[in-house]
Q: 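Take a look at the following structure, please.
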Amino acid sequence: MKHIVLAALLAAIAVPAVQAQVHQPTSGATYICDYTNPTMNETDPGWSVFTLTAYNGGTLLRGIEDFQANNQWHRDNRRVNFYEPFDRYSPTDPTRVVATRWTFDFGNGAPTCQVWASSLGRYLSFFNCSDGSSRSCTRSY
């Protein structure tokens, strides 16, 4: 009987199935971004739109980023990836996810960044970028 109860208890605390992250970029939304050391002719501040598709239960987001460069929309269809999500929990409520850290890249050896997504994807903060850039973005709606 003890083994059955122990097995049931362990199953209850087991790692949950892979699921979409609460805090992630909003596909199709316009973000207004402030850049530090922009490397791709981005307008500062400027707009950015991610068109994303979720894979692996939402733990991999792939798609295209269009952005504002030289004060015009730059539609070079640069491919982007958000992956390896890591949730940060509230120190006062260990069941509440307050932000999700993602790894971000353009693929094929292009610069890589870490990204904090918070407030259901309203805020994105790109940091520790391998090209020395960073940006803070706010969804415009």
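Residue numbers start at 1 and run along the sequence shown.
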Q: Anything under 30° is parallel, anything over 60° is perpendicular, the rest tilted; go ahead and classify Phe126 against Phe104.
A: perpendicular
Q: Is there a side-chain contact between Arg79 and Ile64 in this structure, where contact means two heavy atoms from C-beta onward sitting under 4.5 Å apart?
A: yes
Q: For the residue pair Thr100 and Gln24, confirm or rule out a side-chain donor-acceptor distance under 3.5 Å.
A: no
Q: Please check if Phe106 and Leu124 belong to a single hydrophobic cluster, counting links between Ile, Leu, Val, Met, Phe, Trp and Tyr side chain heavy atoms closer than 4.5 Å.
A: yes
Q: Do the side chains of Trp47 and Asp66 get nearer than 4.5 Å, heavy atoms only?
A: no
Q: Quick one: CG on Leu60 to OG1 on Thr103, what's the gap to the nearest 0.5 Å?
A: 11.0 Å
Q: Are Tyr31 and Val80 linked, directly or through intermediate hydrophobic residues, by side-chain heavy-atom contacts shorter than 4.5 Å (ILVMFWY only)?
A: yes
Q: Quick one: which of Asn56, Asp105, Thr59 gives a side chain to side chain donor-acceptor pair (under 3.5 Å) with Tyr83?
A: Asp105
Q: What pair of heavy atoms forms the shortest contact from Trp102 to Pro25, and how long is it?
A: NE1-CD, 4.5 Å
Q: Are Leu61 and Phe50 close enough, and set up right, to give a side-chain contact (heavy atoms from CB on, under 4.5 Å), and what steps lead you there?
A: CA-CA 10 Å; Leu61 306 174; Phe50 300 97; over 6 Å; no
Q: Tell me if a side-chain donor or acceptor on Asn37 pairs with a main-chain N or O of Gly132 at a distance below 3.5 Å.
A: yes
Q: Evaluate side-chain contact (heavy atoms from CB on, under 4.5 Å) for Arg135 paired with Ser48, printing each intermediate quantity in order.
A: CA-CA 11 Å; Arg135 59 177 153 159; Ser48 188; 3.7 Å; yes
Q: Please check: side-chain N/O of Ser134 versus main-chain N/O of Phe127, any donor-acceptor pairing under 3.5 Å?
A: no
Q: What are the two closest non-hydrogen atoms of Pro94 and Tyr89, and how far apart are they?
A: O-CD2, 3.3 Å
Q: State, with a plain yes or no, whether a side-chain heavy atom of Pro38 is found less than 4.5 Å away from one of Ser133.
A: no
Q: State yes or no: do Phe82 and Trp116 share one hydrophobic cluster built from I, L, V, M, F, W and Y residues joined by side-chain heavy-atom distances below 4.5 Å, directly or via other members?
A: no
Q: So, the side chain of Ser118 versus the backbone of Ala99: is there a donor-acceptor pair under 3.5 Å, distance only?
A: no
Q: Kindly indicate, with the supporting measurements, whether the criterion side-chain contact (heavy atoms from CB on, under 4.5 Å) is fulfilled by Asn81 and Arg62.
A: CA-CA 5 Å; Asn81 302 295; Arg62 284 193 161 154; 3.0 Å; yes
Q: Between Asn70 and Asn41, do the side chains contain a donor N or O and an acceptor N or O under 3.5 Å apart?
A: no
Q: Looking at Asn128 and Gln114, would you say the former's side chain and the latter's main chain have a donor-acceptor pair under 3.5 Å?
A: no
Q: Which heavy atom of Gln68 sits nearest a heavy atom of Pro45, and at what distance?
A: OE1-O, 4.1 Å
Q: So do the side chains of Leu120 and His23 get within less than 4.5 Å of each other, counting heavy atoms only?
A: yes
Q: Is the side chain of Ser90 donor-acceptor paired with the backbone N or O of Asp93 at a distance under 3.5 Å, no angle test?
A: yes
